[in-house]
Structures are given as structure tokens and as C-alpha cells.
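As C-alpha cells, the structure follows; a few thoughts come after it.
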Amino acid sequence: MRAFCLVFMFLLFNARLTPAWAQYHYQSLMNYLENRMLAMEERISLWHEQSNRYNSELKDFRQQATDLMERIGKDHGKLRLDLDGAGVHVERVEREMDYIETQNPPRPCTKAEEKMVEQEGTPKHDRKEELSPVTDEGASGGCVDIVSSISAMKILKRMGSPKGVWTRDAVTAKVYMFSGTEGDTVHEYSSVSALSSSPASSRAISLPTFWNGTGNTVHNNQMYYVSEGTDVRVMKFDLHNSSSGDSAVFPVDDRSPVYALNPETVVDLVADEEGLWALYGSKDNINLAKMDANTLDTEQMWDTGCPRGNAESAFVVCGTLYVVYNTRPPSRSRIQCVFDVNDMVTSEEAPLLYFPRRYGAHSSLKYNTQEKQLYAWDDGYQILYKLTLKQKLWV
Ligand SMILES: *[C@@H]1O[C@H](CO)[C@@H](O)[C@H](O)[C@H]1NC(C)=O
Ligand SMILES: *[C@@H]1O[C@H](CO)[C@@H](O)[C@H](O)[C@H]1NC(C)=O
């Protein structure tokens, strides 16, 4: 620009010297200037165009960037939500994993059970003794064992309602499932492995009357269940020829639940080495009654002194009652009250025993005399607990 101005001044200066020559130069200068101006105008309009284009491109880019940022923000939010959701389900998934793990190998009740016991660190020589079947020496004498630990846990299956009962007849080895807290049908499986295989084939047994609660049990090929109509009745059903046997009105004062944490159960029927027992609530405590397994007569009754409050379930081993307590919401189940009908074991002697691990809450615990195992129903999971027994102190 500056160079151009200098040329212009020089030409003007020269023009003053010779008019004709100046005239000519003036004209060419004007032409030159006009051309320059045109070129500049062209260039300016080109710049203008370009700058407009850049501007709109920049605008587009900005819009795109904003959209992208928004989308990223949204995705991030969604990811957060997903993560939170995943966190909530982690415990559930862990349970499923445990369950799947214990599904293999397919015959869990023998080999896997032993392996599990080994993993828990139980000395081998102890285990051998436990696993050998104890000879059944009848209603009295013979049975001198006390529970010293809960040595292993195995999740066998997950099926049915959150609450229910499953149990195995110590004599026939058949397995029975009562899903829920009332109904009139029970499912029979030929064995534990038949139940754990999928699809599990079962025989549906329709009972002559409905059952209520989780107090049902099976003992010597007889099914005993509790039916709550106008009376609370204990019913007997012969599983050999599928015929209903005796029934008896059970003498409960009121219908207070046996266990505060399982209010559906008014009478809990359990079996051990010595026969059939009934547990029921009375005021604040749990009472125990010895039943005649044939006639359903009540032979003897005890106030165990074990409170109903925070009780979850109970079982009897060798004439000693073990009451299992928990909290709401569920934490770890523990045996915190023990009552021996023969006064051989006191709660002080019996150790405070915790169940291996927290799941939900037990709706039932049924002891199998042959295997020394508890058949537990915990929030829809069918679980086995292996008990370690030792001899009562006086022996
Ligand atoms: C017992 O179960 C039957 C049949 O399901 C039901 O009609 C009845 O109400 C139940 N009784 C109680 C006290 O829950
Ligand atoms: C079923 O078997 C029992 C003995 O186990 C017997 O007392 C009863 O009469 C039998 N019932 C029928 C219908 O056969």
C-alpha cells in the first residue's frame, strides 16, 4: 500500500512538469488505479464470502460440539444410573454365583459336601466319625450328642416362594418341598440329587386338608403337618399308601407364633433321634412338647425358657432344643438358647453358634438324623448345614 502511494505521488509530481506527457500518464494512472481498485474489490468480496463461510462453519462446528457435549453428559448420567443399579444388584448376583458354584459337581451331597468340609478346615479324623451312620438305639439311651459347631454350608437350589419348608425323610431318603406358608400340595423328589437336577422331576401330592405355616415335617415315611381352621390340628399322612391317618387338636392357648420372626407358624413339628416334637408359643416363651408319632398324643410339655422374641426357627437333636435367633432386617443367624429335656446340657455349656454366613432369614430348619444335617429354607434358597456333634459331658 505504501509503495503504491509513493508511485502515485511521483506520478503526480511528474505531471506538473510536462502537460501532454502528464495527461497521458494521468490516464494510465487512472486506469491502473481503477484496475487495482477492481482487483481489491474482488479480493475483498472474496474475503467477505470466505469469512461468511468460515463463520457459518464455525457456527455449525459450535453447534455440533454443544450437541456432542450434551450427549456425552447424558450418557454419563445414564452410566451413573446403570452403575448405581448394578451396585444394588451386586449382592443378588453374589448369591446367584454361590448358588451356581455349588451346583457343580452334579452330585453335591456326597463328594462336594466332603470337599466343602475340608475347605472349612475341619480335621479329617473328626469328619470320618461324623459321616458314619449312628446306630439307632431307640427312644431312650443311645443318643448322647450335642451340637458343637455348624461346620459347612451348601446352597443346593433356589426354587419356590421366599418362605417354605424342605426336608428329607431319614428312612426313605425322599425329599419333600412345601413352598410358601400355606397350601394343600407338597412335592416329593426321589432324592436330593433328583431335586438339584434340572428339570427336577417330582410327584405332586395333594393332601386331604390344607397346611399352614412352616411347621411341617416328615418322619418314618409319615408326613406331619399343621392345619389351622377353627382349631389348630396336627395331621398325619401316610406317604406309603397316600392315606390320611390320625389327626389331633393341638392344645395351644392362643395362636401366638412360635417364632416372632416367622409369624405364620403357630406350631412347629420337628423330628430327631427320639421321635416327634412340637414347638409352640406360650406367653413370651417357646414351649416344647413330646408327641407320640403314632397316636399324635402329647406325652410331655416343657417351658423351655427360650424367648419367642427375635426367634427365627429351632430344631431338636438328641432331645436338646436349639433355638435360632436373628434380627430384623436379617443379620447372622445364631443359636442363642439351648434347652435339654434331660437337663444334661445347659445354655451356658452350649457354645453360642453362628451360622456360616448371612443370607436372608430362615423360615424353617429341619434336622436329618441320618446325615446330621439341617435342611434350611432361606429367602427361597434351599440350603444344607452340616452339624458337628460331640458327646454330652456326662458320658
Ligand atoms: C390356612 O390356610 C388356608 C388355605 O390356604 C387358608 O384359607 C387359611 O386362611 C389359613 N389359616 C390361617 C390362620 O392363616
Ligand atoms: C396305609 O398304611 C397304614 C400302615 O402303614 C395302615 O394303617 C392303613 O390302614 C393303610 N391305609 C390304606 C387306605 O390302605
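Whatever order the structure lists them in is the order used to number ligands and atoms, beginning at 1. Treat the numbers as computed from the prediction; the structure is a model and nothing was measured.
- Between Lys163 and Asp378 no salt bridge is recorded (no basic side-chain N to carboxylate O distance below 4.0 Å).
- Ion pairing between Lys372 and Glu273 holds under the 4.0 Å rule for side-chain N and carboxylate O.
- Aromatic pair His362/Tyr385: ring centres closer than 6.0 Å.
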Less than 3.5 Å apart, N/O on ligand 1 and N/O on the protein: could you list those pairs with the distances?
unit_1	atom_1	unit_2	atom_2	d
ligand 1	2 (O)	Asn212	ND2	2.4
ligand 1	5 (O)	Glu182	OE2	2.8
ligand 1	11 (N)	Asn212	ND2	2.9

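- Here Trp47 is tied into one hydrophobic group with Ile44, each link being a pair of ILVMFWY side chains closer than 4.5 Å.
- Interface of Asn241 with ligand 2, defined as ligand atoms under 4.0 Å from a residue heavy atom, comprises 1 (C), 2 (O), 3 (C), 8 (C), 10 (C), 11 (N), 12 (C), 14 (O).
- The closest side-chain donor-acceptor pair between Trp302 and Asn287, if any, does not fall under 3.5 angstrom.
- A heavy-atom distance below 4.5 Å is found between the side chains of Lys236 and Tyr224.
- Ligand 2 has no N or O atom lying under 3.5 Å from any N or O atom of Gln222, backbone or side chain.
- Ring centers of Trp166 and Tyr176: at least 6.0 Å apart, outside the cut-off.
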